[in-house]
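Right, one structure below, let's go through it.
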Amino acid sequence: MTDSKTKSNAKDSKQAKLPAKNNFSEWYHELLITAEIIDNRYPVKGMCVWFPFGFAIRKNVYSIIRELLDPDHQETQFPLLIPENEFMKEAQHIKGFEDEVYWVTRGGTAPLEVNLALRPTSETAIYPMFKLWIRSHADLPLRIYQIVNTFRYETKHTRPLIRLREITSFKEAHTVHATWEEAAEQVEVAIKRYSEFYHRLALPFLVSRRPSWDKFPGADYTTAIDVIMPDGRTLQVGTAHHLGSTFAKTYEITYEAENGEQKLVSQTCYGISERCIAALLSVHGDEKGLVLPWEVAPVQVAIVPILLGDKEKVLSVCRELQEKLGAARMRVKLDTSDERPGAKFYKWEMKGVPIRLEVGPRDIEKGVVTLARRDGAKKAVPMVALVEAINQEAQELQLVLYGRAKKFNEGRVKEVGSIEEARSQTEAGVALVPWCGEVDCGHQLEDQVGANMLGEPQYQIFSEAACAVCGKKSTVRTYMARQY
RNA sequence: GGGGUUGUAGGGUAGCCUGGUCCAUCCUACAGCGUUCGGGACGCUGUGACCUGAGUUCGAAUCUCAGCAACCCCA
C-alpha cells in the first residue's frame, strides 16, 4: 500500500500506468477503469455500469454465443419478476437460493398480495410456461435461451464482473427432452459449444464434474468450466446442469409419448455470465492494458497518422486506408485527435487494439504502412496487400494469445499425492488430487487443504492412486483450487 | 461467516495522530488559445474536492457514533 503510494508520487510518473500484473487484484481494478470497461462507482453495492467501450466488447463476445446457439436454440425473453408461489415450489431449488433473493413487496405504497422475486436464475419463471407449451413428443426437444440480468443478494465480497448483486449478462439456456439420456447428451453438447466459445476467445479452461455438494440446487449433476486466473485462483465461467425430472415433477411438465402414455420430461440448463469477460480481460491483458482477440475487439485497427511535412497528403492517405479496410469489414479507427503519436500508441494499447497502423511521409514514399501488433511485432507492409496482411497478422495474434495462455494454464495445474502437496499447490494454482470419491473424504480434503474441490476432470482417464485422505485405491482424481 | 483497512476535484494524493496556519497541497485529467507531432510535447489562461447524517466544540477535512460504499486477509 505505502509502497505504491510513494511509487506514484516519486519520479516523473507522468502517466498512469497499470500496477504490475502479479499484483492481480490491484491490476484488475485499475484496468477496468482505465480501459473503460465498467465503472463500479455506481452507489449500490455489487452493481456496476458498463462503459460504452466495455459494452462494445460485451456485444461482440455475446454475438459469438448467439452464433453458436442459434442453429438449434431459439432466443427468447421471460419476465424479471417471479411470483412467490411459483418460486417456492421446488424445495431443493429454494434451499439453494432463498438467502440470496431480492423481493418486491410493494406496489407504490400498498403491500402486494403476492410478493415478487427478482429472478436469481429463471427456472421458476420459465418452467410453468414449459408446462403450457409442451403437449406431445413432437414438441421435443425444446431448446431456448435468454440473455438477461439476474439478481442475487450476495453476502460475500462483491467484485466487478466476478461477483455481482446484479449479473447483467446472464445467458441461460433451458432445454427439454423426452429421455434422461437425451438430456445427458445435451449437457455434452452444451460443454462442446462452450469449449468452442472459449477457444474463440483464446482461453484455455478446465472441465470438471462438480462434487455432489456443489451441484446446482435441484440438478442430478453439474458440469463446469473454470479458467485459471493470473493469480492461480480459478473462476467458474460456465456450467451445464442435468436437471433430470426434478423440475418436471414439480411443475408437472409432461408430454404424450407415441404410445399415448403421459411421461415426465427430462431437462437441462446451462449458463454463462459476464465472468467470461472477466476471464478474457484478465488472462490476456498486460501492464499496458487490454489485449483483445481480433474477433471481439471494438476497434480492430487503429490508424495513427504521423503529421509531418505534407499533412494533408498524410491524412488523405489515411482516409483512403480507413475506407478500404472498412470495406473489408474491419472495425477501423482513424485517430485524428490532437495528441502526439506516442500518446496515441499508449492509448490504443490500453484499449487492446490488435493491429495499429502508423502512416507517415516516410511510409507513403515507400508505398508501405508500419504495422504494429498488440503483442509487440512490428513490420512494414505494402499498401497494396494491406487487407491480406492484416488478416494474416490477426490470425497469428490469435495463435500467440492462445499459446501464451495455454502455457500459463498448463504450468498452473499439477498432479499431487498428498494433502500437504495439495495445500502448497493450491496457493497459486490447481492441484489434481487422488480421491476415492466418498463424500466424507471430499469434505475432509476441502477442510485440510484449505481449497475448494472443483470436481472430477472430464474426458480424461487416470491410473490407480491412493486417496489423499483414506488411502483407498481409486482411479478418480479431483481438481482443487482456491476459487473466486 | 470472521477479522482488518479506507473514503479529500474525473483519477491518484498531501493535510488528520496533536481541531484554528486550509476560501485545502502536488501530479494527472479536462476546457480555451498558440507552438508542436516517427513511442506518453510545451507555454499561457482557466475548471474542479473534504462520502452522508448525527454528536462534541467558540471553531471539525481533522475527534466520537451510526449509515452507505470500496478494498484486503482468513475460514
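Sequence lines set the chain letters: A, B, ... in the order given, protein chains first and strands last, and positions in each chain run from 1. Note that the structure is a prediction, hence the values are computed from the model and not measured.
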So, does [X] get its side chain near the phosphate of [N], meaning an N or O under 4.0 Å from OP1 or OP2?
X	N	answer
Arg482(A)	C74(B)	yes
His157(A)	C71(B)	yes
Arg340(A)	C37(B)	no
Asn40(A)	C71(B)	yes

Taking the same atom, [atom1], in [N] and in [M], what whole-Å distance lies between them?
N	M	atom1	result
U8(B)	A69(B)	C1'	15 Å
U47(B)	A24(B)	P	12 Å
C30(B)	U6(B)	C1'	27 Å
U28(B)	G67(B)	P	40 Å
C50(B)	C23(B)	P	14 Å
G7(B)	G46(B)	C1'	29 Å
G53(B)	U35(B)	P	49 Å
U25(B)	A14(B)	C1'	5 Å

Checklist entry - What is the base-pairing partner of A60(B), counting Watson-Crick and G-U wobble geometry with both distances under 3.5 Å? => result none
Checklist outcome for this item: Checking N1-N3 plus N6-O4 or O6-N4 for Watson-Crick, or N1-O2 and O6-N3 for wobble, each under 3.5 Å, the partner of A69(B) is U6(B)
Checklist entry - Between Arg210(A), Arg233(A), Arg275(A), which is the residue that forms a salt bridge (charged side-chain N to carboxylate O under 4.0 Å, His left out) with Asp226(A)? => result Arg210(A)
[Y] ring centre to [X] NZ or CZ under 6.0 Å, with the angle to the axis within 45°?
X	Y	value
Arg209(A)	Tyr221(A)	yes
Arg356(A)	Phe345(A)	yes
Arg165(A)	Tyr153(A)	yes

Kindly point out which of [options] is positioned nearest to the side chain of [X]?
X	options	result
Pro361(A)	G38(B), C71(B), G39(B)	G38(B)
Glu358(A)	A41(B), G38(B), C37(B)	G38(B)
Lys45(A)	G39(B), A69(B), C71(B)	A69(B)
Thr158(A)	A70(B), G38(B), G40(B)	A70(B)
Ile306(A)	G38(B), G40(B), G39(B)	G38(B)

Provide, to the nearest angstrom, the distance between the [atom1] atom belonging to [X] and the [atom2] atom belonging to [N].
X	N	atom1	atom2	value
Glu339(A)	G38(B)	CD	C1'	16 Å
Leu161(A)	A70(B)	CG	P	14 Å
Arg374(A)	G39(B)	CZ	P	17 Å
Tyr42(A)	A69(B)	OH	C1'	13 Å
Ile38(A)	A70(B)	CD1	C1'	13 Å
Glu26(A)	G12(B)	CD	P	11 Å
His29(A)	G11(B)	NE2	C1'	15 Å
Arg165(A)	C68(B)	CZ	C1'	12 Å

Next on the checklist: On RNA chain B, compare the nucleotides closest to Arg41(A) and Val44(A); which residue's is nearer the 5' end?
Outcome noted: Arg41(A)
Item to check | Closest-nucleotide 5' rank along RNA chain B - winner of Met47(A) and Asp447(A) | outcome: Met47(A)
Would you call the rings of [X] and [Y] parallel, tilted or perpendicular, taking 30° and 60° as the class edges?
X	Y	result
Trp50(A)	Phe55(A)	perpendicular
His443(A)	Trp213(A)	tilted
His93(A)	Phe247(A)	perpendicular

Checklist entry - Is Lys311(A) touching bases, backbone alone, or none of the nucleic acid, heavy atoms closer than 4.0 Å? => result base
Item to check | Sugar-phosphate only, base, or nothing, as touched by Gly46(A) at under 4.0 Å among non-hydrogen atoms | outcome: sugar-phosphate
Next on the checklist: Stacking between G39(B) and Phe345(A), yes or no? Criterion: centroid separation under 5.5 angstrom, plane angle under 30 degrees.
Outcome noted: no
Next on the checklist: I'd like to know if Thr155(A) reaches the base of G1(B) with its side chain such that a donor and an acceptor end up less than 3.5 angstrom apart.
Outcome noted: no
Checklist entry - Does the G39(B) base have a donor-acceptor partner in the side chain of Glu349(A) within less than 3.5 Å? => result yes
Next on the checklist: Just so I know, are the side chains of Gln300(A) and Glu295(A) near enough to count as touching, which here means a heavy-atom distance under 4.5 Å?
Outcome noted: no
